[in-house]
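What's counted below: heavy atoms across the whole structure, side chains too, no hydrogens, waters or symmetry copies.
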Amino acid sequence: MTNAQGQPIPVIIDCDTGVDDALALLFAVRHPGLDVRAVTCVAGNTDVDGVVRNTLTVLEQAGAPDIPVARGAGRPLIEPARSARHVHGEDGMGDIGLPAPTRAAVDVDAVTLLRREILASPRPVTLIPTAPLTNIALLLRTHPEVTHNIERIVFMGGAVACGNATPVAEFNVWHDPEAAAILLTAGVPITMYGLDVFQRVVVPGADVRRLRASAEPGARLAGELLAHRPATPDVGADSEAGGIGDAGAVCTVVDPAGITTGLLPVEVSLAPGPTRGQTMVDRRPRPGESEIHAGLREQQLVDVALDVDVDRFVKLYLATVERA
C-alpha cells in the first residue's frame, strides 16, 4: 500500500512493547508500503524502560534501519501505571530470552520526537498508537500545531461490545482514559481498531510452526511471539494458533479495505466505577429519550472497526514478516 503519489506512507508507531506490539513492529518495518519515521514508547504492558529495551531489541532482530526510538511517559496522566505482565511475561516479551539490544534510544523524549518527525515529514503522517494514549495526549495538548501534518490516527484500543481489562473496558483505554478522551478531540480522522476485530485475526498453528523453524531471525521471532499469544477459544483445537493482536492496526493502514467500519459517535467513560475506561460507541439509528429531553451532546465521530477479513489480514501479515 502506498499513498496516492505511489510513495510509502509515513507512519509513527507509539507502543508499549509487549508481545503483540512487537508483532506490529516486525510487520511495519518489513512492509515496503510503510516508511516508519520513529517509534515512541510508553508505559503499559510493562514499565517504560522495559518498553524501550524491547522495542530496540525487536528492531534489531527485524534488521530494521536505524529508526529513532524515544522514551515517553512512565505513567498515565492521573492514575498509577498498571502493567499487563501476567499476559506479556515479566520482561514484556513472553520471557523468551531475547538478547539485550546494542542500539540506544535517542536523547529526546517521546513528545519532542513526535513533534519533530511529524512536522519534518514532507507528507502527512499516520500515527499508529498500539498502547495507552498518554504520549499522544501530551503531544496534542503541548503541540496542537502537529495536527496540520497528521493524515489519520489509527489506534488499537477500545471495544464496541466486551472489554478485557474490565467487562466493558479495553486495556489501552482503561489504562489512561483521560488520554483516550483527549485523543478523540484531535480534530483529525481517527480509526478505532478495537477488541471486536483485534481478537479475531489468528495465525493457524501450522504457520506459527513454520515461522518458529525459520532460519531468518525476524520471521523466527514472529513465530515465537505468536506461540506466546494463545488464540481465542472459538478457533477450536488448534492450540498452537496465535493472534496478531496490535499488528492488525498496522495491517489496517496498509490495507484499509480489510476492515469494515462505521462512522459513529464515540465517548470515553471517565467517571469512577465499573464503567471507567469504556468506549461508548453509539450505534443507535436515531436519538433516544435522553437526547430528546436533555438535548444532543457533542460527541466525536470515529471510524470504528466492526468487522475484519481474517484470511486477508493473516495472509498479509505472513507475506510481510517472511520477507527477507
Side-chain angles (χ1 to χ4, degrees), residues 1-3 7-18 20-45 48-74 101-156 172 179 183 186 188 190-191 218 246-247 249-250 252-254 320:
M1 176 69 182
T2 55
N3 66 11
Q7 300 168 310
I9 299 168
V11 301
I12 299 175
I13 297 175
D14 184 71
C15 57
D16 58 342
T17 319
D20 57 330
D21 303 78
L23 291 168
L25 289 169
L26 285 167
F27 177 88
V29 299
R30 292 198 163 188
H31 198 285
L34 298 178
D35 171 21
V36 182
R37 296 186 60 88
V39 180
T40 50
C41 302
V42 67
N45 290 324
V48 69
D49 292 322
V51 171
V52 172
R53 178 195 67 236
N54 293 343
T55 300
L56 293 168
T57 295
V58 170
L59 294 175
E60 280 190 9
Q61 294 291 310
D66 191 16
I67 297 167
V69 174
R71 182 188 191 277
T102 59
R103 302 184 185 196
V106 296
D107 60 358
V108 297
D109 63 273
V111 172
T112 300
L113 181 63
L114 283 161
R115 178 184 182 276
R116 185 181 81 191
E117 291 298 327
I118 291 169
L119 295 181
S121 177
R123 302 185 306 281
V125 171
T126 297
L127 293 185
I128 314 175
T130 61
L133 295 153
T134 316
N135 285 343
I136 306 303
L138 291 169
L139 171 72
L140 293 171
R141 285 294 186 258
T142 310
H143 304 292
E145 69 276 10
V146 298
T147 59
H148 299 302
N149 208 33
I150 294 176
E151 180 76 22
R152 176 174 288 271
I153 300 174
V154 179
F155 78 100
M156 188 284 123
N172 286 343
L183 168 83
V188 301
I190 296 173
T191 299
D246 289 345
V250 191
T252 294
V253 175
V254 170
T320 301

### Message
For the CG atom of Asp21 and the CG atom of Leu26, what is their distance to the nearest 0.5 Å?
### Response
11.0 Å
### Task
For residues Asp14 and Pro132, report the shortest heavy-atom separation together with the two atoms involved.
OD2-O, 4.0 Å
### Query
Which heavy atom of Ala131 sits nearest a heavy atom of Val42, and at what distance?
CB-CG1, 3.5 Å
### Message
Are the side chains of Val188 and Leu127 in contact, using a 4.5 Å heavy-atom criterion?
### Response
no
#### Entry: 4.5 Å side-chain heavy-atom contact, Arg37 and Val125
yes
### side-chain contact (heavy atoms from CB on, under 4.5 Å) evaluation trace for Leu139 with Ile118
CA-CA 11 Å; Leu139 171 72; Ile118 291 169; 3.9 Å; yes
### Query
Of the non-hydrogen atoms in Arg123 and Pro8, which two are nearest, and what is the gap between them?
NH2-O, 2.6 Å
### Query
Quick one: which of Val58, Ile67, Thr320 gives a side chain to side chain contact (heavy atoms under 4.5 Å, CB included) with Val29?
Ile67
## Note on the structure
Correct closest heavy-atom pair for Ala110 and Cys41 would be CB-O, 4.4 Å
### Message
Within the 4.5 Å heavy-atom criterion, are Asp246 and Leu23 side-chain neighbours or not?
### Response
no
### Query
Can you check side-chain contact (heavy atoms from CB on, under 4.5 Å) on Leu114 and Val146, steps first, answer last?
CA-CA 9 Å; Leu114 283 161; Val146 298; over 6 Å; no
### Query
Nearest heavy-atom pair of Leu56 and Ala105: which atoms, and what distance?
CD1-N, 3.8 Å
### Message
Just so I know, are the side chains of Asp16 and Asn172 near enough to count as touching, which here means a heavy-atom distance under 4.5 Å?
### Response
yes
### Task
Compare all side-chain heavy atoms of Thr17 with those of Leu25 and state whether any distance is below 4.5 angstrom.
yes
### Message
Quick check: closest heavy atoms across Val250 and Ala28, and the distance to 0.1 Å?
### Response
CG1-CB, 4.0 Å
### Query
Does the side chain of Leu59 come within less than 4.5 Å of Arg103's, by heavy atoms?
yes
